[in-house]
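Here the structure comes first, spelled out in structure tokens, and everything after it is commentary.
In this text the structure is predicted, and so the values were computed from the model without any measurement. Ligands are counted one by one from 1 in listed order, and the atoms in each one are counted from 1 as well.
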Amino acid sequence: MQVLAVTPEIYPLIKTGGLADVTGALPIALDKHGVTTRTLVPGYPVVMAAFKKKKPVHQYAELQGGKAAIHAAKVGELDLFVLDAPHLFDRIGGPYGDAGGKDWPDNWRRFAALSQVGADIAAGAVSGYQPDLVHVHDWQAALTLAYMRFGKAVGVPSVITVHNLAFQGQFGSAIFPELGLPPQAMALDGVEYYGGVGYLKAGLQSAWAITTVSPTYAQEIRSPQFGMGLDGLINSRAVDLHGIVNGIDPETWDPANDRYLVSQFSRSTLKARELNRRAVEQRFGLDADKDPLVCVISRLTWQKGMDVFAAVVDQIVDAGVKIAVLGSGDSGLEGALHAAAARHRGRVGVVIGYDEALSHIMQGGCDAIVIPSRFEPCGLTQLYGLRYGCVPMVARTGGLADTIIDANEAAVAAGVATGLQFAPESGAALMQAVRRMVDLHSDRATWGTIQKQGMKADVSWHRSAAKYAELYKSLIARKAA
Ligand code: ADP
């Protein structure tokens, strides 16, 4: 089975969040289920630099304002189609904005181009290649499905995965004439969204199947509270909606072979985590003592509940717990956390920025990771936490609810607990979890059992990849019927 994936990010080439981890790991996991994936990605400078042989497999004299070409490339284990369109993607900065974090004003054009190329490949533009199914990720790739439906690839089965419904790609109606879609696409059952153009909306409307990254989030997004205005549409497509939890890349995230760690370890050598802990303490300017050490590795945003966390930092410190925060995001939250670090020298440390290596050392050295999200489609940091014996303390929402077994009395007694859960959006509930953690942590045997139980949890892609493969098969069978 040949699947064309379309995505704006793919690990290890370009990553701003969990989406990249998924698009980077899923093709490799699917391979074992008889699915061959080729992934179309924008030719950002880092992507263009990742492969040498540049021989186009298709060329455009004009694509959204300039010349473009599609290259076929193999990078590591990943088979890619790279969209080389310098006028759209050859820019200094991130995938979506400049170095200052300001969105590119022509993002609608950049990702319309990516999507149009996705649909062209689905329609056979690359000679010798015909995908059996197209799988697109998030709003940046979603318009692919509109180009397919209103173009030549209308009969090719398709899946859209929503990694976060908060990001929808909404633009004014003025862009519509430039998209190259036929006039009838500007309709309620097409790309039209509240009078403008909605990329994610168009994808949800046109996809043969919709998936999101956990069963609980799949239910949540059918409600107005989580639906972000799209709950009506999502409900109307409920029979085609599936929740499949993300796995993690077992090689990148393997504490026994992790080159970023100061000290590698396994379930039977948990003591070796100590050296990583010392490294974290040094890096964050924290006291070297045996008090519980919790970390945060996150975008510093409202979604991630970072305001709730920042508001209880003093109380967490009072409970005898040290804190290491790695993240970046809202400047107000960065400032609040810096101020907390200044108030609590040796007890609270903050590093603002994105640091892959440090994130590994933190997972490998801290006692627990706090994830107080208001909503969380799947979440990956709690899965890394499980694998690294860094006990997840999570808000009970979305994928966090699906992947962590709360250390309540019964679960502790049965030896099945893997973390702690608390109600989202509540500082009081978070503090209760912190106190429970301190209690559990003081009983070394119990804590060790929770750590080991988490490390045993199956967080690999194997089961989830099987579910995607099943879904693909059922859609291809539907086409044949
Ligand atoms: P989201 O995609 O919503 O940001 P996820 O939990 O799904 O949240 O994925 C976040 C990914 O980004 C994880 O791989 C996490 O380790 C990583 N990450 C987030 N912030 C940082 C940071 N400041 N430094 C390094 N890695 C980070």
Side-chain angles (χ1 to χ4, degrees), residues 7-26 94-96 101 137-140 161-167 212-214 216-217 226 228 244-255 258 260-261 280 283-284 295-306 309 324-330 333-334 337-338 349-366 369-388 390 392-395 397-404 419 424 459 461 464:
T7 175
E9 300 182 24
I10 189 162
Y11 182 86
L13 295 177
I14 178 92
K15 165 172 165 178
T16 70
L19 160 68
D21 291 315
V22 174
T23 55
L26 188 54
Y96 315 123
H137 297 269
D138 277 356
W139 76 262
Q140 294 91 340
T161 296
V162 181
H163 295 264
N164 190 336
L165 201 61
F167 304 110
T212 188
V213 287
S214 69
T216 295
Y217 191 60
F226 293 94
M228 308 259 170
I244 304 176
V245 93
N246 289 334
I248 65 176
D249 177 350
E251 278 163 34
T252 309
W253 294 93
D254 175 5
D258 186 329
Y260 291 128
L261 293 182
V280 173
R283 181 73 171 80
F284 285 85
C295 67
V296 166
I297 304 165
S298 182
R299 294 187 282 121
L300 303 177
T301 64
W302 181 89
Q303 180 209 328
K304 297 289 179 182
M306 282 298 129
F309 178 79
V325 179
L326 169 63
S328 63
D330 296 352
L333 286 169
E334 292 181 1
L337 290 165
H338 268 316
V350 176
V351 171
I352 298 296
Y354 191 94
D355 189 333
E356 188 80 25
L358 184 56
S359 77
H360 285 240
I361 298 172
M362 292 167 79
Q363 295 276 16
C366 295
I369 179 163
V370 184
I371 311 169
S373 307
R374 284 194 166 79
F375 65 95
E376 192 61 77
C378 178
L380 291 171
T381 49
Q382 84 278 15
L383 303 180
Y384 302 145
L386 286 175
R387 192 107 206 273
Y388 279 61
C390 183
M393 299 172 60
V394 304
T397 185
L400 300 173
D402 290 333
T403 54
I404 302 301
V459 291
W461 268 106
S464 298

| request: List the atom of Pro250, the atom of Asp254, and the distance in Å for their closest heavy-atom pair. | output: O-CB, 3.1 Å

| note | Value for CD1 (Ile404) from CG (Leu400), rounded to nearest 0.5 Å, stands at 7.5 Å

| task | Would you mind checking which non-hydrogen protein atom is closest to atom 23 (N) of ligand 1, with the distance to 0.1 Å? | result | Gly353 O, 2.8 Å

| said: Within the 4.0 Å heavy-atom shell around Gly379, which atoms of ligand 1 are there? | reply: 6 (O), 7 (O)

| remark: So the atoms of ligand 1 within less than 4.0 Å of a heavy atom of Gly17 turn out to be 2 (O)

| Considering only heavy atoms, does Leu358 approach ligand 1 within less than 4.0 Å through its side chain, its backbone, both, or neither? | neither

| said: So for ligand 1, is Leu19 a polar contact partner (N or O within less than 3.5 Å, distance only)? | reply: no

| message | For atom 27 (C) of ligand 1, what is the closest protein heavy atom, and at what distance to 0.1 Å? | response | Tyr354 CE1, 3.2 Å

| request: Please test Tyr217 against Asp402 for side chain to side chain donor-acceptor pair (under 3.5 Å), starting from the C-alpha separation and ending with a verdict. | output: CA-CA 9 Å; Tyr217 191 60; Asp402 290 333; over 6 Å; no

| query | Are any side-chain N or O atoms of Arg299 and backbone N or O atoms of Gly327, one a donor and one an acceptor, separated by less than 3.5 Å? | reply | no

| request: Answer yes or no: is there a donor N or O on one side and an acceptor on the other, between the side chain of Thr216 and the main chain of Ala401, under 3.5 Å? | output: no

| remark: Logged contact type for Thr381 with ligand 1, heavy-atom cut-off 4.0 Å, is both

| query | Can you name the one residue among Thr252, Asp355, Ile297 that meets side chain to side chain contact (heavy atoms under 4.5 Å, CB included) with His360? | reply | Thr252

| note | Of all heavy-atom pairs linking Thr397 and Ser373, the shortest is CG2-O, 3.7 Å

| task | Measure the spacing between CE of Met306 and CD of Glu334 and express it to the nearest 0.5 Å. | result | 12.0 Å

| field | Residue portion contacting ligand 1 (non-hydrogen atoms closer than 4.0 Å) for Gln382 | value | neither

| Would one find an N or O of Asp355, backbone or side chain, under 3.5 Å from an N or O of ligand 1? | yes

| message | I need the atoms of ligand 1 closer than 4.0 Å to a non-hydrogen atom of Lys15, numbered in the order shown. | response | 12 (O), 14 (O)

| Looking at ligand 1, does any of its N/O atoms fall within less than 3.5 Å of an N/O of Asp21? | yes

| query | What protein heavy atom is closest to atom 2 (O) of ligand 1, reported as residue, atom name and distance in Å? | reply | Gly18 N, 2.7 Å

| For ligand 1, does Ser298 get within less than 4.0 Å through its side chain, its backbone, both, or neither, judged by non-hydrogen atoms? | backbone

| task | Tell me, with the steps shown, if Leu165 and Phe226 meet side-chain contact (heavy atoms from CB on, under 4.5 Å). | result | CA-CA 8 Å; Leu165 201 61; Phe226 293 94; over 6 Å; no

| Would one find an N or O of Arg299, backbone or side chain, under 3.5 Å from an N or O of ligand 1? | yes

| Does ligand 1 have any atom that is closer than 4.0 Å to a heavy atom of Asn164? | no

| Shortest heavy-atom approach to atom 13 (C) of ligand 1 - which of Tyr384, Tyr11, Phe167 | Tyr384

| query | Are Tyr384 and Trp253 close enough, and set up right, to give a ring pair (Phe, Tyr, Trp, His ring centres under 6.0 Å), and what steps lead you there? | reply | CA-CA 7 Å; Tyr384 302 145; Trp253 294 93; 3.6 Å; yes

| request: Check each atom of ligand 1 against the heavy atoms of Gly327 and keep those under 4.0 Å away; list them by number with element. | output: 23 (N)

| note | the protein heavy atom lying closest to atom 6 (O) of ligand 1 turns out to be Leu380 N, 2.9 Å

| field | Proximity of Lys304 to ligand 1 by residue part, where a heavy atom lies under 4.0 Å | value | side chain

| Should we say atom CD of Glu356 is surrounded by more than 12 heavy atoms from elsewhere, each under 6.0 Å from it? | yes

| Residues Tyr260, Gln363; criterion side chain to side chain donor-acceptor pair (under 3.5 Å); working and verdict | CA-CA 11 Å; Tyr260 291 128; Gln363 295 276 16; over 6 Å; no

